[in-house]
There are 2 protein chains.
Amino acid sequence: MKDRIRIKDIAKKAGVSKGTVDRVLHNRGNVSKIAREKVQKAMKELEYSPNIIASALAYNRTWRIAVFLPDYRNDPFWRQPRTGINLALKAVRDFGISIQYFDFRDADKNHFVELGDQILKDDFDVVVLAPAFAKEGHEFLDKCQAQNLKYIQINTYLERDDEAFLGYIGQDSYQSGMLAAKLLNFGMNSGETTMILHLEKAVNNSMHLVQKQQGFEDFFKEHPQKNIQIIKTGFEEVNDKVNLRLFLEKTCQEHPNVKSIFVTTSKLFHLVPILNDLKKEECKLVGFDLIEENLKYLNEEKISFLINQNPLKQGYLAIVHIFHHLVRKKELKKIQLLPLDVVIRENVQYYTEDEREQLYLIV
Amino acid sequence: MKDRIRIKDIAKKAGVSKGTVDRVLHNRGNVSKIAREKVQKAMKELEYSPNIIASALAYNRTWRIAVFLPDYRNDPFWRQPRTGINLALKAVRDFGISIQYFDFRDADKNHFVELGDQILKDDFDVVVLAPAFAKEGHEFLDKCQAQNLKYIQINTYLERDDEAFLGYIGQDSYQSGMLAAKLLNFGMNSGETTMILHLEKAVNNSMHLVQKQQGFEDFFKEHPQKNIQIIKTGFEEVNDKVNLRLFLEKTCQEHPNVKSIFVTTSKLFHLVPILNDLKKEECKLVGFDLIEENLKYLNEEKISFLINQNPLKQGYLAIVHIFHHLVRKKELKKIQLLPLDVVIRENVQYYTEDEREQLYLIV
DNA sequence: AAAATTGTTGTGCCCGTGCACAGTGTCTAA
DNA sequence: TTAGACACTGTGCACGGGCACAACAATTTT
């Protein structure tokens, strides 16, 4: 290994044994002042930096991580963070990190609580979770804190400030609303109207959607030059095509000047065939997430922009974060916001192609 | 380390010694058919995957990499791949990878050749290079091939197909031209004119720029709906402000309907004050690279879009690629194209903030 | 003064893999 | 019949750091 300094070298230089050097290095105590100073002096002179490989091998222990996310079989979105987690796992497995999944049924609070209790009973070192339900989420995290079980949040953020809180990895919803507004604004002419549409149930319970709307509105407040009007709407039963069509027809009649629509969820693909029907295909669409149906319409240029929130990276970085915390003993930024990529047909390939090929390293 | 399968376990299951398992694993020969089959069967059943940590520790050797890029002190662009390289190096150092830099003076062919010879004389395992000069680049790579010195290209691609060629990591210039066209097209009205402007010397020698132009033109050929006219121009002496102003003034007079400009290099910031002067500030600008001057105008909304070619990642992935080749003995895609990020004021923070915080792992 | 306690230091094994080397056993040629 | 060549197999050390434990010294207690 070339000329890298080893513990042995320091020991020799300081005139002590490697055991003593080790004690100094790890502050294990039981070292006389004289010995400690000799070692520290030698360390400084030789610029020792530990060999993480040998360290990882010797430090032969296992960490257990519970991954507590919505069931990916019900919502394809959650397949992506899971992929990211598995990808990262490959890299950190040899460092002794192991994972156990707990998939709660979406929108099923009881199941969330039940699985949560299961996790708390077991003996995990860290939990990765998306606290989908505010109240139950906080309750679970309180219990984690109580038994000193560290946790890291992804995708959904409940504000916490205790010792057990390792961090949040996700998107900035407000900023994504701003981004959508900027994009649509670029393609609109003076005096035209835009529309913000929530395709989701219980919008007011979802901080995400409220923040997206806020960002969207604020952008146009800050950019009054083109005098763009905003219509705010929502429609809950996204799968009820008949009524969605009626709803859109009515809205377009009332506001014939609507030239663009910002959908705050990933459900914008539902609109495309209906708008085609209504001869409104020139209406520009912006929404979220690179799911199959959206990609199809992006490719046909029926959707103008998709905003990518990097869900794969969410899972990936959660594991990386934990690795750094547990193995490297390094603390990272508590709040890590992922890029909001602007995706169009001409660059979509880079965001969908197997990210596995874009390899990553432990830093 | 929990229940990970070790060589020992396979040996036990197959009823042989770990030495034999090792010989099968590494195809070292000298194994009887019977023994080999027993081992292979056991390996399959136990789903063995080697412990890379222990492997790296035992396989106690050093690899030497020469990094052969333009001097970053002359061109700030090259600081970014260098940062990426150093970042990756931190992660792979302990795996025995070391780096030596060879910075050639930009546009100095002799210096390139001189340093190239120096590299060839020494005993490196891999070269990372940006072959800025086609002829000299090929000559250097021929010699590499002759003495079986592996090489990986970044940023600039010379087509090669020999054993020593490990891969190319960079951007797809044609696609970036398409991307720029799509973005401008979105913000333009029927019958308007756009302009493509090369701010660089010797455009025809630079494949990059030619390809960008091609992509830009092809987009409008494929999208004739808005009937956008394209003016093709170029200006070499970018630092000669007086003449650049005269040039722009003349062009705008000749083509008063120009509503947007695509600059094929990172030099678009030079245009902003001049366009302001000429009362052409509503003219939309698209160009490349997140350098300081461009970012300033992006933030002031004088530049509409910047296309990010991820130069830091270029360097980073070059090292990752080499790591996988040398340490993991895995072959990766030869051609790896980096994302073309669409950057505007509302998401610029994600592409400029210290990427070190977006951590990566070895896969 | 002897025994017990505490403080300090060094030794040696462990982690899982790579690889050199020393065995085995078999077969051929003298 | 035996030496030598050859194919195959097992053993054991090395890699560098973590850590348990033994050994020894210094101090306190009885």
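Just so we're on the same page: letters track the sequence lines, and every chain starts at 1.
- Ranking C:dG16, C:dT9, D:dG10 by closeness to the B:Thr20 side chain, first place goes to D:dG10.
- The cationic atom of A:Arg160 (NZ for Lys, CZ for Arg) does not lie both less than 6.0 Å from the six-membered ring centre of A:Phe165 and within 45° of the ring axis.
- Straight-line distance from the CD1 atom of A:Ile52 to the P atom of D:dG18: 11 Å, rounded to whole Å.
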Q: Decide ring pair (Phe, Tyr, Trp, His ring centres under 6.0 Å) for A:Tyr168 and A:Tyr151; before the verdict, give the C-alpha distance in whole Å, the side-chain angles of both, and the deciding distance to 0.1 Å.
A: CA-CA 9 Å; A:Tyr168 164 69; A:Tyr151 60 87; over 10 Å; no
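- In this structure, CG of B:Asp22 is placed 14 Å from C1' of D:dA14, rounded to the nearest angstrom.
- Within the 4.0 Å cut-off from OP1 or OP2 of D:dG17, at least one side-chain nitrogen or oxygen of A:Tyr48 is found.
- Here D:dC19 presents its C1' atom at 12 Å from CG of A:Asn60, a figure rounded to the nearest Å.
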What protein N or O atoms touch nucleotides 23-28 of chain D N or O atoms at under 3.5 angstrom, if any, and at what distances?
none

Q | Sugar-phosphate or base contact per nucleotide [nucleotides 20-28 of chain C; S, B, -; heavy atom under 4.0 Å] | A | ---------
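- From B:Arg36, atom CZ reaches atom CG of B:Asn30 across 10.5 Å, with rounding to the nearest 0.5 Å.
- No side-chain donor from either of A:His138 and A:Asp142 sits under 3.5 Å from a side-chain acceptor of the other.
- As rounded to whole Å, 14 Å separates atom C1' of D:dC21 from atom CZ of A:Arg28.
- Of the candidates C:dG18, D:dG17, C:dT9, the closest approach to any side-chain atom of B:Ser55 belongs to C:dG18.
- Contact annotation: B:His26 reaches the phosphate of C:dG18 (side-chain N/O to OP1 or OP2, under 4.0 Å).
- With distances taken from any side-chain atom of B:Ser32 to the nucleotides D:dT9, D:dG18, C:dT17, the minimum falls on D:dT9.
- In the set C:dT17, D:dG17, D:dC15, the nucleotide with an atom closest to the side chain of B:Leu57 is D:dC15.
- Distances were taken from every side-chain heavy atom of A:Ser17 (C-beta onward) to each of C:dT11, D:dG17, C:dG18; the shortest belongs to C:dT11.
- Counting only distance, with no hydrogens or angles, the side chain of B:Gln314 and the backbone of B:Ile169 share no donor-acceptor pair below 3.5 Å.
- The distance from atom CZ of A:Arg4 to atom C1' of D:dC15 is 13 Å, rounded to the nearest whole Å.
- In this structure, A:Glu37 atom CD and C:dT8 atom C1' are separated by 15 Å, rounded to whole Å.
- Among the protein residues, B:Lys8 comes within range of no part of the nucleic acid, since none of its heavy atoms lies under 4.0 Å from any strand.
- Straight-line distance from the NZ atom of A:Lys18 to the P atom of D:dG18: 9 Å, rounded to whole Å.
- The nucleotide whose nearest atom lies closest to any side-chain atom of A:Val31 is, among D:dG17, C:dT9, C:dC19, C:dT9.
- A search for side chain to side chain donor-acceptor pair (under 3.5 Å) contacts involving B:Asp71 returns B:Arg73, not counting sequence neighbours.
- A donor-acceptor pair shorter than 3.5 Å can be found between the side chains of A:Asn86 and A:Tyr101.
- Put simply, the residue from B:Trp78, B:Phe140, B:Tyr72, B:Phe68 that forms a ring pair (Phe, Tyr, Trp, His ring centres under 6.0 Å) with B:Phe104 is B:Phe68.
- Here D:dT9 presents its C1' atom at 13 Å from CD1 of B:Ile34, a figure rounded to the nearest Å.
- Ring pair B:Phe102/B:Phe112: centre-to-centre distance not below 6.0 Å.
- For NZ of B:Lys12, the number of neighbouring non-hydrogen atoms (other residues, nucleotides, ligands) closer than 6.0 Å is 12 at most.
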